[in-house]
Protein chains: 2
Amino acid sequence: MQIEKRPRKPTLSEVAALAGVSEITASRALRASAAVTPETLQKVQDAARSLGYLRNRLAGALAGGPSNQVAVILPSLSNIVFPDVLKGLEDRLDDAGFHPVLGISNYDPAQEEHLIRNLLSWRPAGLVIAPSGMTEASRAVLRDAGLPVVEIMDIDTDPVDMAVGMSHRAAGLAMARHLVGRGYKTPAYVGHDITRDPRAVARLEGFRAGLHQAGLALADIVTLASPSSVALGRQGLAALLDRNTQHPDLVYFSNDDMAVGGVFHCMAAGIAVPADLAIAGFNGLELGQSLPVRLTTTASHRTRIGETAAGCILDRLQGRETARLTDVGFSLVEGGTS
Amino acid sequence: MQIEKRPRKPTLSEVAALAGVSEITASRALRASAAVTPETLQKVQDAARSLGYLRNRLAGALAGGPSNQVAVILPSLSNIVFPDVLKGLEDRLDDAGFHPVLGISNYDPAQEEHLIRNLLSWRPAGLVIAPSGMTEASRAVLRDAGLPVVEIMDIDTDPVDMAVGMSHRAAGLAMARHLVGRGYKTPAYVGHDITRDPRAVARLEGFRAGLHQAGLALADIVTLASPSSVALGRQGLAALLDRNTQHPDLVYFSNDDMAVGGVFHCMAAGIAVPADLAIAGFNGLELGQSLPVRLTTTASHRTRIGETAAGCILDRLQGRETARLTDVGFSLVEGGTS
DNA sequence: ACACTGAATGACAGCGCTGTCAATCAATGG
DNA sequence: CCATTGATTGACAGCGCTGTCATTCAGTGT
């Protein structure tokens, strides 16, 4: 008695047989990778269609064919920044027929290392990572992997292979200069859990440096040990203003989510922005730009980072020249909150 | 003369040789898939480490081993809803050592079909899709694929295999009932490009049905042919109020982004919410809940949809029973804008 | 008419691993 | 002491495809 068996997926050799050609010819026809008579092409395609043939890329890649998978490791999806980056990546990769294989490190270097090995074991064509304190072991694995690797977000680093991003320190510095130029004298800072966010730290440093150059310093600073959010920004500003320290005339927030929370607090507490208090953020999220009064912020080009990183991978795969460091820059957005 | 050749990655057989065991034993040791003496285990692990061995899952999967990739097809990453779903998916998948392989259909059924074939050619363990008008061909491919398939977001459908989501019609209906109960008499609607968003259409239908049951009808309706955004909602409400039709006492927006735009318009135009105009959205985004006045909305459980969908895939893979339809429900959020 | 060229096709081997089944061997029970 | 059992290991074959090199054959130049 025959055990009922799901009819196996048709293989290339069955397609070839039906089309009356050799396996390898069928392979070439279906990949358009080498010269095949239009006639043969037609026969093979017909055969494939009538059998419902679905290419098995596992076998193809194992046999030496190219992979069209690109490993992507991000620290989180909760922060809108990373979906934006991912969007840019996906867009460009998709154009070239590539797919991201995703891993989320949760800002954990150990998890990151684990993900690197795991994703690499599928022999992807390239790897894009927004590092979260990569271990030396991680770097070593990437170095030996022999595939294009792009580290994204930050370019104040020494990448294993390539890096695409912006200088967060420069962004903080630029914002400080801008605001100093507007005449603010007693700046304060409200931040989220920045121990996990070296880029926010870099912005803060740059901001401080900018103030320092103008003979100013932060009047006060509040950091809360939670991931950034609108609610947290609101809470953070309330806390800041509650203290009986020198009242700031300006608050620089660790990012736009936080800053929008600050704006909401002002709305609710009847604080005039920017007359009583100016507010600035970072990222240039749509959210902040759709407020009744546009948020002053620095626009980071997140999607462009993704696109550019994907471009680096693709360029490298096609043997084109690639830059080690790519600065996508940032732009200061002079909104109405400062 | 020897062409310089990147030292090939060590293979399992080299590890086995170094460890002094057979290939298959090394394989088992590294997978912990069958009984191996602690001693052998140690030897093999040491050998693997000292060689910098990196498992090749391409070969493993081809040889009949399991895949830990799950294809995920979403219509977009621009709408925060989908990153939320993806987060839920990734979370649960990661727990089980699985990775999402991502494809974005851009709401295009043809692209969707293309993605399905493409991703399936990597022989993933399962597939999760937020359908965008799946073609019959797509459904057929999925049916024949012989892997767990979960269609997400909507459960008002007839899925190929499983579906996880909520009834958007019911959500619209519930919101209508709630608002009718609050005494509003002249409701209006502001929506985005809903031709591409059947779920928004379903909510609108449900909303209309709810009104109808109470002897009411939509006083006015504005739909704009762009993807939803805060700015678009703002613009939409302005347009609605600009018309010299009966003034609404309530506007139901196609989603929270749009509704928040509406709130912002009211702030800017000096319209008191909810005294002059009530506003309701859909999704329960953090954004709306952090407004100075919390937005009235329906919370969709996006992350839970992702988690549940991943759970279905995993359950099926482990031979556990799975439901064909899973309703994750929704919850009405009575905010201050109504 | 003949060697020569290039396009189209094919034979072969093997990518690196795991499922299946068989072999080995110490421990157990009578 | 011998058959039986279960735990551990190994031999073998093959997953489905593509790179490499060889072969075929029509078209070209002299």
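Reckoned from all heavy atoms, side chains included, excluding hydrogens, waters and symmetry mates. All chains are named by letter (A, B, ...) in the order of the sequence lines, taking the proteins before the strands, and each is independently numbered beginning at 1.
In the helix from C:dA1-D:dT30 to C:dG30-D:dC1, the end axes, each obtained as the rotation axis mapping the C1' atoms of four pairs onto the next four within a five-pair block, lie 30° apart to the nearest 10 degrees.
Taking only side-chain nitrogens and oxygens, B:Arg31 comes nearer than 4.0 Å to OP1 or OP2 of C:dG19. Contact annotation: A:Thr37 side-chain N/O to C:dT9 OP1/OP2 distance is under 4.0 Å. For the OP1/OP2 pair of D:dT8 and a distance below 4.0 Å, the side-chain nitrogens and oxygens of B:Thr40 include no atom meeting the criterion.
Side-chain contact between A:Leu62 and A:Leu58 is absent, with no heavy atoms from C-beta onward closer than 4.5 Å.
C:dG16 atom C1' lies 6 Å from atom CG of B:Asn56, rounded to whole Å. Rounded to an integer number of Å, the gap from A:Trp122 CH2 to C:dG16 P is 16 Å. Going from atom CG of B:Leu30 over to atom P of D:dT9 covers 13 Å, rounded to whole Å. In this structure, B:Arg57 atom CZ and C:dT18 atom C1' are separated by 12 Å, rounded to whole Å. The nearest whole Å value for the distance from the NZ atom in B:Lys43 to the P atom in D:dT8 is 14 Å.
For the 3.5 Å distance criterion, the side chains of A:Arg31 and A:Ser27 qualify, holding a donor opposite an acceptor. Side-chain polar atoms of A:Trp122 and B:Asn68 form a donor-acceptor pair below 3.5 angstrom. A:Thr135 and A:Glu113 form a side-chain donor-acceptor contact under 3.5 Å, judged by distance and modelled atom types alone.
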Kindly give the atom pairs (protein nitrogen or oxygen, nucleotide nitrogen or oxygen) under 3.5 Å for nucleotides 10-13 of chain D.
from	atom 1	to	atom 2	distance (Å)
D:dG10	OP2	B:Ser22	N	3.0
D:dG10	OP2	B:Ser22	OG	3.1
D:dG10	OP2	B:Thr25	OG1	2.6
D:dG10	N7	B:Arg28	NH2	2.8
D:dG10	O6	B:Arg28	NH2	3.4

Indicate every side-chain donor-acceptor pair of residues 40-48 of chain A with a distance under 3.5 Å to a residue at least two apart or in another chain.
from	atom 1	to	atom 2	distance (Å)
A:Thr40	OG1	A:Thr37	O	3.3
A:Gln42	NE2	A:Asp46	OD1	3.1

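Shown here are the salt bridge (Lys or Arg N to Asp or Glu O under 4.0 Å) partners of B:Asp95, two or more places apart in sequence or in another chain: there are none. Taking the salt bridge (Lys or Arg N to Asp or Glu O under 4.0 Å) definition, one finds that B:Arg57 meets it with nothing, sequence neighbours left out. Residues that satisfy the side-chain contact (heavy atoms from CB on, under 4.5 Å) test with A:Leu51, not counting sequence neighbours, are A:Pro10, A:Val15, A:Leu18.
Between the side chain of A:Glu151 and the backbone N or O of A:Val160 there is at least one donor-acceptor pair closer than 3.5 Å.
Nearest to the side-chain atoms of A:Leu62 among the listed nucleotides D:dC17, C:dG16, C:dC17 stands C:dG16.
Mapping A:Leu58 and A:Gly65 onto DNA chain D by nearest heavy atom places A:Leu58 at the nucleotide closer to the 5' end. Of the two residues contacting DNA chain D, namely B:Ala59 and B:Pro38, the nearest-nucleotide position lying further toward the 5' end is that of B:Pro38.
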